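First comes the structure, then the notes that go with it.
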Amino acid sequence: MIRAIKGTRDIFGIETKKWRYVEQKIIEYARKYNYGEIRIPTFERTQLYLRGIGGETDIVNKEMYTFTDKGGRSITLRPEGTAGVVRAYIENKMYADKSLKKLFYMGSMYRQERPQKGRYREFRQFGIENIGSKEPLADAEVISFAYNLYKELGLKSIKVEINSIGCRTCRKNYIRALKDYLKPHYEMLCDNCKRRFDTNTLRILDCKNPGCKKITEKAPSTTEYLCDDCKEHFNEVLHYLDVRKIPYSVNNRLVRGLDYYTRTVFEVTTDRLGSQNAVAAGGRYDYLIGMFHSEDIPAVGFAGGMDRLILLMEEEGLFDAMDEEKPDIFIVAVSNDVRDYVIKIAESLREQGFSVETDLSMSSMKSQMRRAGKLNVDNVLIIGPDEIDKGVLTYKNMKKHSQKEIDIKELENFKKILE
Ligand SMILES: [Zn+2]
Ligand SMILES: [Zn+2]
């Protein structure tokens, strides 16, 4: 037997219904905030991710699915969405009319991580990108989209954690201060952080190692080193969150390791077993587009994983009331000579918008009834040769355990029968 590849999975049955529910909510929120959908390729030139995600990250260092295609090109399966959206934005000259572009995407991403609960090598993510505004209004709108969406999905104690990591100018000062602070503790840092000390000092702040955490507890905070412009930007973002009554806390440990991230970084967290867990992460990346394009274009966005989101929603019991999908009507053919008739009735009911199931295996009436029972169908129509002659059929309401003979003409408006 050929099995699915480790870290991938099949989603079917009631599971797909959960997925569609979440996807519909995302689409609904994109509509509410006027973000248009963009569908980007699932693979791109490796170079795009090397530059767009950055060489110092785990993603690029060890997690990408990279291969050489038959034309000798290095190709990578997309590990995230932003790089592809930015490539599409530039390639399609979406900057040409100088207007703001608001885009959302959704789909499979690929990373060769160690599979664990809620983590897959093919996983699904959605995200929004707000491209073309440097204003705090844009940051606050993106955060509000994320916050309101997760709240609407029903997750517990949704909160926003937010920080500002400044711009090219003020971040230099901060990193210098951070290095000065860390220097006396250098020997106590974990091996990863020793390496990061010179290449990616900021990332030491979000190291999970307890020793490193302890050391950075009293580290200077990024917000103390912001230049006036960055400080004002940050305060305005917070102001627009206050206006919306979105609960947030400033978390000075929240950072992004890459140079093109600027100012706002945020996470949306939910309460899980008493501790706050991130469900979405985002921020401003004013210098990313300039790495692929002739000029910098400011942008802000966020991304959220959907696999873990659905797992969390399951744990919260948010899908408990969800039923397996079932047809509205099952039509039982009493004998094989009424099959043509059954087909016609089924199609006419489908035209009226109903979901209709019929027997496709030439089964006996008894086993058709059994199948209708198994499907838990509320409405069953029974058609036999005698009834056809009389122009009637039997309608069984399974919920009410009632049965009556109805005129074939009544089927032209089945909704009325249900009333
Ligand atoms: Zn600054
Ligand atoms: Zn560390």
Side-chain angles (χ1 to χ4, degrees), residues 4 6-33 35 37 39 78-82 103-111 113-129 141-162 208 241 244-249 251 254 266-283 301-326 376:
K6 194 174 164 188
T8 69
R9 62 167 166 162
D10 308 306
I11 299 169
F12 56 89
I14 194 162
E15 293 302 309
T16 26
K17 203 172 167 186
K18 297 175 188 170
W19 278 86
R20 279 211 304 262
Y21 172 78
V22 170
E23 287 160 3
Q24 284 309 322
K25 279 281 175 235
I26 293 166
I27 292 167
E28 188 186 310
Y29 267 72
R31 180 83 205 101
K32 284 183 182 176
Y33 285 84
Y35 283 74
E37 185 178 9
R39 300 190 183 202
R78 63 181 184 197
E80 54 97 63
T82 303
L103 302 166
F104 86 95
Y105 61 86
M106 184 151 67
S108 288
M109 310 286 161
Y110 306 86
R111 289 184 205 174
E113 288 183 282
R114 186 146 35 96
Q116 46 179 293
K117 203 179 179 201
R119 260 210 189 150
Y120 299 89
R121 290 179 170 179
E122 181 185 38
F123 58 99
R124 287 144 189 99
Q125 237 183 26
F126 76 98
I128 68 171
E129 312 294 355
E141 186 188 85
V142 166
I143 295 169
S144 133
F145 182 121
Y147 173 82
N148 287 324
L149 170 67
Y150 286 102
K151 200 172 170 193
E152 160 101 12
L153 287 171
L155 290 179
K156 262 206 311 231
S157 339
I158 296 295
K159 279 193 198 98
V160 172
E161 292 197 21
I162 188 167
K208 300 281 176 286
L241 294 182
R244 292 180 161 94
K245 296 194 164 57
I246 292 177
Y248 61 83
S249 56
N251 175 357
L254 205 59
F266 74 95
E267 280 181 3
V268 177
T269 63
T270 175
D271 178 76
R272 184 176 178 237
L273 309 168
S275 71
Q276 291 296 119
N277 271 258
V279 283
F302 83 89
M306 298 166 75
D307 301 80
R308 226 168 56 86
L309 168 62
I310 286 171
L311 190 70
L312 285 168
M313 290 175 68
E314 274 166 2
E315 287 175 359
E316 295 285 329
L318 298 173
F319 294 123
D320 286 0
M322 196 175 263
D323 293 323
E324 192 100 38
E325 254 159 12
K326 58 181 184 184
N376 197 21

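Since we're looking at a predicted model, the values are computed, not measured.
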- [ ] Could you check if a side-chain atom of Arg119 sits within less than 4.5 angstrom of a side-chain atom of Asp307, using non-hydrogen atoms only?
- [x] no
TODO: Please report the shortest heavy-atom distance between Lys25 and Leu149, naming the atom on each side.
DONE: O-CD1, 3.8 Å
Open item on the list: Please give me the minimum heavy-atom distance between Tyr105 and Ala303, naming the atom from each residue.
Closed with: OH-CB, 3.6 Å
Task: Test item: Asn148 and Ile158 side chains (from C-beta on) under 4.5 Å apart, heavy atoms - done: no
TODO: Identify the residue among Val268, Asn251, Ile143 that makes a side chain to side chain contact (heavy atoms under 4.5 Å, CB included) with Ile162.
DONE: Ile143
Open item on the list: So, taking the atom named NZ in Lys32 and the one named CD1 in Ile27, what distance separates them when rounded to the nearest 0.5 Å?
Closed with: 13.5 Å
Open item on the list: Holding to ring pair (Phe, Tyr, Trp, His ring centres under 6.0 Å), I want the full list of residues that pass it with Tyr150, two or more places apart in sequence or in another chain.
Closed with: none
Open item on the list: Using side chain to side chain contact (heavy atoms under 4.5 Å, CB included), reason through Ile26 and Tyr35 one step at a time and then give a plain yes or no.
Closed with: CA-CA 10 Å; Ile26 293 166; Tyr35 283 74; over 6 Å; no
- [ ] Quick one: do Arg31 and Glu28 satisfy salt bridge (charged side-chain N to carboxylate O under 4.0 Å, His left out)? Show the steps, please.
- [x] CA-CA 5 Å; Arg31 180 83 205 101; Glu28 188 186 310; over 6 Å; no
Task: side chain to side chain contact (heavy atoms under 4.5 Å, CB included) partners for Lys326, two or more places apart - done: Asn376, Asp378
Open item on the list: Suppose we screen for ring pair (Phe, Tyr, Trp, His ring centres under 6.0 Å). Which residues come up paired with Phe104, at least two apart in sequence or across chains?
Closed with: none
- [ ] Report yes or no: does Thr270 contribute a side-chain atom to a donor-acceptor pair with the main-chain N or O of Lys156 at less than 3.5 Å?
- [x] yes
TODO: Find the distance between OG1 (Thr8) and CZ (Arg121) and round it off to the nearest 0.5 Å.
DONE: 9.5 Å
Open item on the list: Let's go through Arg124 and Ile11 carefully: what are the C-alpha distance in whole Å and the side-chain angles of both, what is the deciding distance for side chain to side chain contact (heavy atoms under 4.5 Å, CB included) to 0.1 Å, and is it a yes or a no?
Closed with: CA-CA 12 Å; Arg124 287 144 189 99; Ile11 299 169; 3.9 Å; yes
- [ ] Only pairs at least two apart or in different chains count here, so list each salt bridge (Lys or Arg N to Asp or Glu O under 4.0 Å) that has a residue in residues 266-281.
- [x] Arg272-Glu315
Open item on the list: For Phe302 together with Phe126, are the ring centres under 6.0 Å from each other?
Closed with: yes
Task: Flag, side chain of Lys17 to backbone of Asp323, donor-acceptor distance under 3.5 Å - done: yes
Open item on the list: Let me confirm one number: the CD-CE distance from Glu15 to Met322, rounded to the nearest 0.5 Å.
Closed with: 10.0 Å
Task: Ile246: partners by side chain to side chain contact (heavy atoms under 4.5 Å, CB included), with sequence neighbours left out - done: Ser144, Tyr147, Val160, Leu241, Arg244
- [ ] Identify, with sequence neighbours excluded, every residue that meets side chain to side chain contact (heavy atoms under 4.5 Å, CB included) alongside Glu23.
- [x] Trp19, Arg20, Met106, Met306
Task: Heavy-atom side-chain proximity of Leu318 to Leu153 below 4.5 angstrom - done: no
Task: Lys18 to Tyr21 six-membered ring, cation-pi geometry met (6.0 Å, 45°) - done: no
Open item on the list: Determine whether the aromatic ring centres of residues Tyr248 and Phe266 are separated by less than 6.0 angstrom.
Closed with: no
Open item on the list: Donor-acceptor pair, distance only, cut-off 3.5 Å: does the side chain of Arg78 make one with the backbone of Ser108?
Closed with: yes
